[in-house]
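First the structure, in the form of structure tokens, and then the observations on it.
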Amino acid sequence: RRVLVRSYPPGSTFKMITAVAGLEAGITPGHQVFCPGRTSLGRAVFHCWKEHGHGAIGLVQAIGQSCDVYFYDIARRVGIDAIAAMARRLGLGAALGLDLPGEQPGLIPTTEWKKAAIGESWQKGETLVCGIGQGFVSATPLPLEIVVAGVGIGGVGVAPCVGAPPAEPPSPLGLSPQALQVVLQGMREVVHGPRGTARAPDLGLPGVEMAGKTGTSQVRRISRAERAAGRHKRKDLPWIERDHALFVCAAPWPRALYAVAVVVEHGMSGSKAASPIARDIMRKTLELDPAGAGQPAIAAGPA
């Protein structure tokens with residue numbers, strides 16, 4: 001039930017959406033950003049998870065290595081309203097219409113939403129934070145899975161169901177095949193690339209590869225003093241202050257039949273806590289359907 005009623009900051013799993021929004025807005029796959037570990041906007045400093053940075057990096061490796069500074073740059077160029085429009089197009093921010101009680105739509109913010117809900121104007125720094133799946137952005141696990149399923153099976157809208165599958169086939173999302181191919185290549189790097197953030201979840205099935213995206217979402221703001229002291233990296237933080245761990249994936253790559261999303265509440269690391277669970281679910285699913293005879297399907301859940 002929590003896959004529908006509990007919202008979480010999607011963290012870096014949201015970078016898939018920012019990437020597609022950027023590509024559809026005209027940013028090329030060859031666009032490079034230099035990541036020194038942080039970027040500035042006015043007097044504010046926005047950090048990358050990798051303290052000393054990734055150096056010069058392009059889109060595929062930015063997804064594979066989950067470079068925050070790269071996606072700050074894309075978000076700043078594209079803007080929150082275009083990112084929000086892409087998020088909704090891919091399945092976030094609205095109720096799914098399942099015949100189950102208590103479903104929550106999550107939140108995909110826009111400039112108009114903030115003015116109406118909070119009575120304040122949108123700030124440019126909020127765009128950067130939302131571009132990496134933090135800030136106001138929230139989603140339940142099932143819609144996150146719908147996003148990765150839509151990207152993984154070639155840009156079609158996946159309609160979740162309980163019981164019999166829908167009679168109508170999935171409808172195209174109208175996205176550029178080239179954009180989807182680039183994002184999927186980056187998601188493959190997450191699992192199979194030499195510097196990917198989740199190399200451990202290799203399926204261990206000969207000839208079968210998986211595309212995925214890690215996410216580690218903050219549950220509270222880290223102060224400048226805490227960051228300087230390294231307190232945010234302590235292993236003995238109270239459970240309630242620990243980051244959520246997320247992992248979404250689709251397989252077999254490059255034309256997926258199945259998608260999985262896992263959220264481990266306060267699990268600290270998407271690569272260490274969430275991705276092994278998703279790998280085991282995906283591996284068992286593919287073992288049960290070795291010929292790929294099944295219809296595109298999804299499975300979601302917090303752990």
- Message: Please tell me whether Phe34 and Phe71 are part of a single hydrophobic cluster in this structure, the criterion being side-chain heavy atoms less than 4.5 Å apart.
- Response: no
- Using 4.0 Å as the upper bound for N to carboxylate O, is an ion pair formed by Glu189 and Arg195? no
- Query: Do Val183 and Leu173 share a hydrophobic cluster (ILVMFWY, side-chain heavy atoms under 4.5 Å, transitive)?
  - Reply: yes
- Message: Using side-chain heavy atoms (C-beta onward) and a distance below 4.5 Å, is Ser121 in contact with Lys114?
- Response: no
- Query: Taking side chain as C-beta onward, heavy atoms only, is Cys48 less than 4.5 Å from Tyr70?
  - Reply: no
- Query: More than 12 non-hydrogen atoms from neighbouring residues, nucleotides or ligands closer than 6.0 Å to CZ on Arg38, yes or no?
  - Reply: no
- Donor-acceptor pair between Ser66 and Lys15 side chains, under 3.5 angstrom: yes
- What is the minimum heavy-atom distance between Ile132 and Phe14, and which atoms define it? C-CB, 4.4 Å
- Message: My understanding is that only residues two or more places apart in sequence, or in another chain, count here; which of them pass salt bridge (Lys or Arg N to Asp or Glu O under 4.0 Å) with Arg188?
- Response: Glu209
- Message: Is the shortest side-chain heavy-atom distance between Cys67 and Lys50 below 4.5 Å?
- Response: no
- Query: For residues 53-62, which residue pairs qualify under salt bridge (Lys or Arg N to Asp or Glu O under 4.0 Å), counting only residues two or more places apart or in two chains?
  - Reply: none
- Query: Is there side-chain contact between Val156 and Ile153, with at least one heavy-atom pair below 4.5 Å?
  - Reply: yes
- Query: Can you find a heavy atom in the side chain of Ile146 that is under 4.5 Å from one in the side chain of Leu96?
  - Reply: yes
- Without swapping roles, check the side chain of His54 against the backbone of Cys35 for a donor-acceptor pair under 3.5 Å. no
- Message: Please give me the minimum heavy-atom distance between Thr18 and Gly131, naming the atom from each residue.
- Response: OG1-O, 2.8 Å
- Task: Write down the atom of Val190, the atom of Ile63, and the distance for their closest heavy-atom approach.
- Result: CG2-O, 3.5 Å
- Item | Glu112, CD: over 12 other non-hydrogen atoms inside 6.0 angstrom | no
- Sub-4.5 Å side-chain heavy-atom contact between Leu107 and Val137: no
- Message: Checking Tyr8 against Glu265: is there a side-chain donor and acceptor pair closer than 3.5 Å?
- Response: yes
- Query: Side chains of Thr127 and Lys124: is there a donor and an acceptor less than 3.5 Å apart?
  - Reply: no
- Message: Do the side chains of Asp280 and Arg283 get close enough for a salt bridge, i.e. N-O under 4.0 angstrom?
- Response: yes
- Rounding to 0.5 Å, atoms CD (Gln134) and SG (Cys130) come to a distance of 9.5 Å
- Query: OG1 of Thr110 to CZ of Phe136: how many Å apart, nearest 0.5 Å?
  - Reply: 11.0 Å
- Could you grab the distance from atom CD of Gln104 to atom CG of Leu142, nearest 0.5 Å is fine? 13.5 Å
- Item | Test item: Arg199 side-chain N/O and Gly196 main-chain N/O as donor-acceptor pair under 3.5 Å | yes
- Query: When hydrophobic residues are tied together by side-chain contacts of less than 4.5 Å, even through go-betweens, does Leu175 share a cluster with Leu184?
  - Reply: yes
- Please name the pair of heavy atoms, one in Ala21 and one in Ala82, separated by the smallest distance, quoted to 0.1 Å. CB-O, 4.3 Å
- Distance-only polar pair, side chains of Thr111 and Asp81, donor-acceptor under 3.5 Å: yes
- dist Lys213:NZ -> Ile17:CD1 (nearest 0.5 Å) comes out at 12.0 Å
- Message: Ignoring hydrogens, what is the shortest heavy-atom contact between Ala75 and Leu128? Give both atom names and the distance.
- Response: CB-CA, 4.3 Å
- Message: Using every non-hydrogen atom in the two residues, find where Ala259 and Val148 come nearest and quote the distance to one decimal.
- Response: CB-CG1, 3.8 Å
- Message: Using the rule that Ile, Leu, Val, Met, Phe, Trp and Tyr join whenever any side-chain heavy atoms are under 4.5 Å apart, tell me whether Tyr258 and Leu205 fall into a single cluster.
- Response: yes
- With the 4.5 Å side-chain cut-off for hydrophobic clustering, are Tyr72 and Leu23 part of the same group? yes
- Check the surroundings of atom CD in Glu24: do more than 12 heavy atoms from other residues, nucleotides or ligands lie under 6.0 Å from it? yes
- Non-hydrogen side-chain atoms of Gln32 and Ile57 separated by less than 4.5 Å: no
- Using a 4.5 Å cut-off on heavy atoms from C-beta on, say whether the side chain of His31 contacts that of Leu59. no
- Task: May I ask you to check whether Gln178 and Ser176 show a side-chain donor-acceptor distance below 3.5 Å?
- Result: yes
- First locate atom SG of Cys249, then atom CE of Met210, and finally report the distance between them rounded to the nearest 0.5 Å. 4.5 Å
- Message: Once rounded to the nearest 0.5 Å, what's the spacing between atom OG of Ser12 and atom CZ of Phe247?
- Response: 12.5 Å
